[in-house]
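Structure record follows, encoded as structure tokens.
Everything quoted here is computed from the prediction, not taken from an experiment. Quick note on labels: first sequence line is chain A, next is B, and so on, each numbered from 1.
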Amino acid sequence: MKRFLGAFAIGCIALFVFCGLVEYYQSQVDNNYSYKYWYMENRRHEVVTLLLGDSYIENAINPGLMGKGTFNLARSSRWIYYDDKLLEKYIADMPNLKQVILGMGYKPPFFKSYHFPQSDSKEHENNEHEKYMYEKYMHIRYDDNSNHWLGLYRGYIDPGTLIGNNLLCDSLGYERVDGQSVNWLLEHNVDSNVFRQKYAKEQVEEYTGYLKDMARLCHLHKVRFIVITPPCHDSYIVNVRQEGLDILHGIIENVRSEYPVEYIDYLQDEEYRADSIYRNCSHLNSIGADIFALRVKKDLGL
Amino acid sequence: MLFNSIQFAIFLPIVFLLYWFVFDRFISKSKWQLRLQNAFIVVASYVFYGWWDWRFLLLIAFTSLCSWGSGLLIGKAENKKKAKIWMWLNIVLNLGILALFKYYDFFVSEFAELFYISTDGLLLKVILPVGISFYTFQALSYSIDVCRGKIEPTRDIVAFFAFISFFPQLVAGPIERATNLLPQFLKKRKFDYDTAVDGSWQILWGLFKKIVVADNCAVYVDRVFSTYTEQSGSTLLLGIVLFAFQLYCDFSGYSEIAIGTAKLFGIRLMRNFNNPYFATSFADYWKRNHISLTTWFMDYVYYPMVGSSDKLVYWNFCMIVTFLLSGMWHGAGWTFLLWGLYQGVFIVISMNISKSRRRFEKKHKLKGNRLYEVLSMVVTFFIVTIGLILFRAESIAQAWEYACGMLQFGTLRASYRFFTLPEMRLTNLFVVMMLVVEWLQRDKQHGFEGIDKLCFLRNKYLRPIIYALLLVLILIYGGKHASFIYFQF
């Protein structure tokens with residue numbers, strides 16, 4: 001027994017040492033989260049136009065074409081909670097900020113689980129990776145119980161974050177994606193009944209709450225708050241139901257009843273029908289991102 | 001509580017230390033030592049199970065009490081007939097509870113749909129208690145074996161409760177026999193260093209299979225199955241092959257962890273998997289896959305059904321019925337029933353052609369021929385995998401569409417691109433690693449057996465360090481699923 005306990009003790013020490021090394025290595029490796037955090041900590045005073053949202057914005061709007069002072073703070077798979085917290089954290093100390101543009105895709109308001117859309121889960125449990133990354137690199141906790149080591153213990157860390165360069169965005173936060181993915185018509189397609197998901201109603205209420213808070217913050221600091229629904233390919237649109245769209249527009253009207261919000265719906269915009277501008281059925285590629293950036297700039301009068 | 005959770009990582013060392021240091025050493029001279037140690041196992045197991053939902057602890061306690069009581073009544077029965085009555089009472093009661101939780105809603109819904117009746121107020125909509133199929137069958141095996149005279153009924157209720165609820169195998173097997181496990185709770189356990197070390201390595205192997213192989217495969221299987229109507233035939237084939245590995249690694253990984261954990265407590269559980277994908281025939285496959293369940297059905301359903309009949313046609317019929325029931329055990333759904341039927345039909349075919357096959361092998365001197373062996377494995381694997389479409393599909397219609405979709409060969413290019421996605425390459429590598437290790441260790445009990453005898457691992461200081469490193473790598477490269485597939489059964 002002593003031998004076994006001795007080996008167990010050595011193993012535990014080794015485990016803590018390895019975990020410590022991983023922790024140290026992770027803190028040294030740059031990635032989109034750490035870079036965007038650094039930018040906001042050090043250069044937020046330069047920001048005039050702030051882009052928020054998920055991959056629909058991070059990959060789909062080239063801030064370099066939107067005018068000086070535009071920064072793309074959006075991040076793939078982000079739940080609106082983090083957009084709200086980021087805005088809350090920085091808006092008071094952004095003297096040059098004139099507008100905040102938030103991307104609101106058709107799907108996100110209805111569920112939190114980006115990896116398993118068919119999941120019954122109401123909780124954010126499938127996004128341990130994101131919780132981990134926000135906590136470690138942007139110092140935003142999802143809830144009191146979250147701990148970034150849980151992300152490691154439960155194996156939700158993307159091993160890609162531990163190896164090599166994970167800084168995929170440019171200096172303005174734009175992550176460029178070229179061409180089309182494998183099965184591009186199917187990737188990230190929407191279930192036509194997504195708004196009937198088990199917890200959709202509760203998700204919409206929660207989403208609306210965060211959206212309202214963001215609108216409030218912008219109103220308080222006299223910043224324009226603009227919500228846009230990015231364009232999607234026809235193969236995606238064919239699964240979009242009017243009932244779902246009505247819910248989406250209802251969210252905006254709900255927020256508008258209390259705070260000023262500008263909204264532009266590009267989902268079915270005729271300018272974005274070509275196959276060549278899409279990475280997959282719901283995300284623009286680099287060609288589409290350039291076109292979309294110029295269009296948004298023009299429509300908003302930036 | 002899941003094996004691959006932080007709670008279990010904290011729970012296990014605490015239970016281990018208390019088990020050996022308090023209930024073994026500290027009170028070793030007490031005549032109550034064994035009973036207290038068993039009682040501690042019961043408490044720890046109930047904490048383990050109750051972590052999921054404490055309300056169902058009453059159910060498992062009730063099952064344990066009824067089966068223990070029935071054993072005593074069977075033992076005291078004046079004649080065989082009365083003994084059988086008590087046995088059947090226990091069977092009906094336990095299977096009734098299982099049927100209520102697992103099958104009632106399904107059959108009521110189907111019946112209502114057939115006769116256009118509304119199900120309002122008829123359905124129970126109860127949660128299926130985790131592991132109910134496993135511990136119920138374990139409890140039943142006790143009373144049947146007592147009735148058959150294979151084991152004496154035990155008066156030690158604590159030991160019996162420990163036998164039913166022993167946490168490593170409580171929620172997903174192996175389904176232990178009383179003749180194997182109960183006697184271990186009736187005698188003092190001794191800590192054995194080599195067994196504990198072996199158990200530790202087995203746990204690590206199980207974690208690799210579950211977290212790294214199964215959970216990574218799951219991501220792509222889910223993707224293929226959720227978009228199966230748009231995928232090419234070759235991608236669908238890839239998807240179901242990946243599912244075959246996902247299912248095997250998920251379930252056998254759990255069993256490895258269960259058996260390895262039991263070894264830490266000086267308890268030996270039965271082997272549940274013996275490299276089923278290296279089987280050279282369908283019958284051989286079922287001798288290697290989910291052994292505890294297969295042998296349970298053979299011993300308690302098939303052989304009693306066959307009785308003393310010598311009619312081949314009747315044997316075949318009994319085999320199909322046995323596998324139909326086995327399919328139903330897996331879940332309340334037509335797909336599982338059909339899956340069971342598929343297994344039954346193919347095993348009957350395999351058994352009936354075995355003589356002809358042996359003659360063919362002898363004639364062409366194929367015994368020991370490596371190429372023939374590999375070909376047999378591939379064919380068996382293919383037949384098994386096709387059947388898994390029914391296992392994975394949500395409905396018979398979906399299974400049919402999936403199978404038909406596989407016949408449309410479409411473009412291999414799309415499948416090639418899918419299969420060689422950067423993130424898929426790692427998954428492919430993990431599957432290959434698993435297969436290589438299992439092939440090299442096919443004569444051993446598990447993939448990491450004897451690993452501590454390898455060169456640098458003989459060093460007693462280096463060994464735990466390497467173990468910790470492998471554990472960290474497993475955690476890092478693990479996939480994103482958390483639960484075990486067989487928890488739903």
> Is the number of heavy atoms from other residues, nucleotides or ligands within 6.0 Å of CD (Q7(B)) greater than 12?
Replying inline: yes
Under 4.5 Å from any heavy atom of chain A, what part of [X] do you find: side chain, backbone, both or neither?
X	answer
L17(B)	side chain
L264(B)	side chain
L471(B)	side chain

Heavy-atom closest contact ([X] atom, [Y] atom, distance):
X	Y	result
R3(A)	Y193(B)	NH2-CE2, 3.0 Å
L15(A)	A468(B)	N-CB, 3.7 Å
F191(B)	M1(A)	CE2-CA, 3.5 Å
V472(B)	C19(A)	CG2-SG, 4.4 Å
P464(B)	I10(A)	CG-CG2, 3.6 Å

> What residues, two or more places apart in sequence or in another chain, satisfy side chain to side chain donor-acceptor pair (under 3.5 Å) together with E401(B)?
Replying inline: Y228(B)
>> Restricting to side chain to side chain donor-acceptor pair (under 3.5 Å), what partner residues turn up for R176(A), sequence neighbours left out?
In response: D178(A)
> In terms of the angle between their ring planes, are F4(A) and F16(B) parallel, tilted or perpendicular, with boundaries placed at 30° and 60°?
Replying inline: tilted
> Can L473(B) and F18(A) be said to form a side chain to side chain contact (heavy atoms under 4.5 Å, CB included), step by step?
Replying inline: CA-CA 10 Å; L473(B) 288 173; F18(A) 288 134; over 6 Å; no
> Hey, are the side chains of F8(A) and P13(B) touching, using non-hydrogen atoms and a 4.5 Å cut-off?
Replying inline: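 F8(A) reaches P13(B) side chain to side chain.
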>> Taking side chain as everything from C-beta outward and backbone as N, CA, C, O, which of these in L5(A) sits under 4.5 Å from a heavy atom of chain B? Side chain, backbone, both or neither.
In response: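 For L5(A), the side chain is the part near chain B, not the backbone.
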